[in-house]
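Single-structure report; data block below.
Residue numbers count from 1 along this sequence.
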Amino acid sequence: ADGKASFEVLNSPLSEYTCLGFEYGYAVTVTEALVLWEAQFGDFVNGAEIVVDQFIIAGLAKWRQTSRLTLLLPHGYEGQGPEHSSARLERFLALGAEGNIRVAYPTTAAQYFHLLRRQGLHEEERPLVVMTPKSLLRLPEAASRPSELAGGSWSPILDDPDRQTDAAAAAVRHVILCSGKVYYDLVLSELRAAAEHVAIIRAELLYPFPTDALVPVLSRYPATEMVSWVQEEPRNMGARKFVLPKIRSIVPHTTPLGDVSRPERSRPAEGYPAAHAAEQARIVRDALG
């Protein structure tokens, strides 16, 4: 009652629809800027779907309007439950057509750096959607040396670093293709040491699918008896439905094409840590076994 200053309490709703709409408008107006919008969790982009569908995805076809707007969407099954696990990667891959967007899932600091630098300098302006697992921020194996940032460039496909010699490549019978965080679940598993017959290749770019970069990498493994796509998402989510036909088109039809994932689900991830850990372990076991 004795206060001499005015005081107001305002309830500001958390609206991803509003925020992303602003960033889209800024990005198409200030074309020399690289505008990045980061969701606190990947699922938060669900509230911005109107902007995604009406403007980011279809703007080029409807109005010849595009931008360098970059969406950083935390995506990865880290035991945080269904509300904090999925940026709906499958949705963006289903919406990619006619070269309207780019969708990437980098697995190292250098790849992430070069991806953003490429996005800012690329002559062809397109929105970029980046899957960014929070756990990779703290994972030593995902770190990069300063020289890898100062030099090098973006690579849409990363070959298995442990299968670079001719002898190691000749021993490979099973080629695993994967993207993002699940790569580290595979290579850091205790089962990896005994799986000398397995090569693990990362697709860092998912749309446009990097067929031209993948073909020469697959050709390094002439004794391949099976090619598999491995993901941590359920079968009806993630990149599985999008990438399997792409892989089939470049792998001989005499070579079996397998896939490992969670069973089909109506929710993205488990909400119980023990169930999450059991499923992650099962995926790794099925992939490397």
Report summary line: Nearest heavy-atom approach of A48 to L20 is CB-CD2, 3.6 Å
Report task. Going by the side chain to side chain contact (heavy atoms under 4.5 Å, CB included) test, name the single residue among V103, L71, T70 that passes it with L128. Result -> T70
Query raised in the report: Run the side chain to side chain contact (heavy atoms under 4.5 Å, CB included) check on S86 and E233 step by step: do they pass?
Result: CA-CA 8 Å; S86 177; E233 298 92 343; 5.7 Å; no
Query raised in the report: Looking at P216 and D212, what are the two nearest heavy atoms and their distance?
Result: CD-O, 3.1 Å
Query raised in the report: Hey, does the side chain of N100 reach the backbone of I57 with a donor-acceptor pair shorter than 3.5 angstrom?
Result: yes
Requested in this report: Run through Q119, R117, E204, H122 and flag the one making a side chain to side chain contact (heavy atoms under 4.5 Å, CB included) with W154.
Outcome: E204
**Report entry** Trace of the side chain to side chain contact (heavy atoms under 4.5 Å, CB included) decision for Y105 with H75
**Finding:** CA-CA 9 Å; Y105 201 163; H75 176 90; 3.6 Å; yes
Report task. Could you tell me whether the side chain of E32 reaches within less than 4.5 Å of the side chain of V30, counting heavy atoms only? Result -> yes
Requested in this report: Measure the CD1-CZ distance between I50 and F55 for me, rounded to the nearest 0.5 Å.
Outcome: 9.5 Å
Report task. Check V230 against C178 and note the closest heavy-atom contact, atom names and distance. Result -> O-CB, 3.4 Å
Report task. Heavy atoms only: give me the nearest A287-H174 pair and the separation to one decimal. Result -> O-CE1, 3.5 Å
Query raised in the report: With a 4.5 Å limit on heavy-atom distance, are the side chains of L206 and L89 in contact?
Result: yes
Query raised in the report: Do you know the tightest heavy-atom contact between A213 and P156?
Result: CB-CG, 3.8 Å
Report task. For residues L60 and E98, determine if any side-chain heavy atom of one lies less than 4.5 Å from a side-chain heavy atom of the other. Result -> no
Query - From CD (E196) to CG (D162), nearest 0.5 Å - result: 10.5 Å
Query raised in the report: Would you say D286 has more than 12 foreign heavy atoms packed within less than 6.0 Å of its CG?
Result: yes
Report task. Take V260 and R282 through the test side chain to side chain contact (heavy atoms under 4.5 Å, CB included) and record every step on the way to the result. Result -> CA-CA 9 Å; V260 180; R282 193 269 307 165; 4.2 Å; yes
Requested in this report: May I ask you to decide if L69's main-chain N or O and E125's side chain share a donor-acceptor pair within less than 3.5 Å?
Outcome: no
Report summary line: Hits for ring-ring contact (aromatic ring centres under 6.0 Å, His included) against H84, two or more places apart or cross-chain, chain-then-number order -> F41
Requested in this report: Verify the distance criterion only: is there a donor paired with an acceptor across the side chains of Q231 and S179 at less than 3.5 Å?
Outcome: no
Report task. Only one of D160, D166, D159 passes salt bridge (charged side-chain N to carboxylate O under 4.0 Å, His left out) with R220; say which it is. Result -> D159
Requested in this report: Find out if a path of hydrophobic residues (ILVMFWY) with successive side-chain heavy-atom gaps under 4.5 Å connects L257 to V215.
Outcome: yes
Query raised in the report: More than 12 heavy atoms of other residues, nucleotides or ligands under 6.0 Å from CD of Q164: is that the case?
Result: yes
Query raised in the report: Where do T224 and L218 land on the side chain to side chain contact (heavy atoms under 4.5 Å, CB included) test, with the steps shown first?
Result: CA-CA 9 Å; T224 298; L218 290 176; over 6 Å; no
Requested in this report: Measure across R145 and E148 and return the closest heavy-atom pair with its distance rounded to 0.1 Å.
Outcome: N-OE1, 2.7 Å
Report task. Return yes if some donor-acceptor pair links the side-chain N/O of Y207 with the main-chain N/O of G99 below 3.5 Å, else return no. Result -> yes
Report summary line: When rounded to the nearest 0.5 Å, the distance separating OG of S85 from CE of M237 is 10.5 Å
**Report entry** Donor-acceptor under 3.5 Å (S155 side chain, L158 main chain)
**Finding:** no
Query - Polar side-chain atom of Y24 near backbone of S67 as donor-acceptor pair, under 3.5 Å - result: no
Query raised in the report: Can S261 and R240 be counted as having a side-chain donor-acceptor contact under 3.5 angstrom?
Result: no
**Report entry** Reference residue P106; test side chain to side chain contact (heavy atoms under 4.5 Å, CB included); the match among M131, R202, Q111, H114
**Finding:** Q111
Query raised in the report: Any side-chain heavy atom of Q280 within less than 4.5 Å of one from E270?
Result: no
**Report entry** 4.5 Å side-chain heavy-atom contact, R91 and N46
**Finding:** yes
Query raised in the report: Can you hop from V172 to L191 via hydrophobic side chains spaced under 4.5 Å?
Result: no
Query raised in the report: Is the shortest side-chain N to carboxylate O distance from E49 to R88 below 4.0 Å?
Result: no
Requested in this report: Calculate, to the nearest 0.5 Å, the distance between atoms CG and CD1 belonging to D259 and I176 respectively.
Outcome: 12.0 Å
Report summary line: When rounded to the nearest 0.5 Å, the distance separating CG of L244 from CZ of R235 is 8.5 Å
Query raised in the report: Does the K62 side chain pair with the main chain of Q54, one donor and one acceptor, at a distance under 3.5 Å?
Result: yes
**Report entry** ILVMFWY cluster, Y77 and V243 together (side-chain gap under 4.5 Å)
**Finding:** no
**Report entry** Same cluster (ILVMFWY, side-chain, under 4.5 Å), W229 and V227
**Finding:** yes
Query raised in the report: Just wondering, do F113 and L116 contact through their side chains at under 4.5 Å, heavy atoms?
Result: no
Report task. Please check if the side chain of R262 supplies one atom and the backbone of E232 the other of a donor-acceptor pair under 3.5 Å. Result -> yes
Requested in this report: State yes or no: do L95 and F242 share one hydrophobic cluster built from I, L, V, M, F, W and Y residues joined by side-chain heavy-atom distances below 4.5 Å, directly or via other members?
Outcome: yes
Report summary line: Distance col, row L205:CG vs L214:CG, nearest 0.5 angstrom, shows 11.5 Å
**Report entry** Flag side-chain contact, heavy atom, 4.5 Å: L139 against K181
**Finding:** no
Query raised in the report: Just by modelled atom types, is the P252 backbone N or O under 3.5 Å from a matching donor or acceptor in the R248 side chain?
Result: yes
Requested in this report: May I ask you to decide if L186's main-chain N or O and S189's side chain share a donor-acceptor pair within less than 3.5 Å?
Outcome: no
Report summary line: Sorted by chain and number, sequence neighbours left out, side chain to side chain contact (heavy atoms under 4.5 Å, CB included) with A39 holds for W37, F44, L73, P74
Query raised in the report: Salt bridge check: are K134 and E78 linked by an N-O gap of less than 4.0 Å?
Result: no
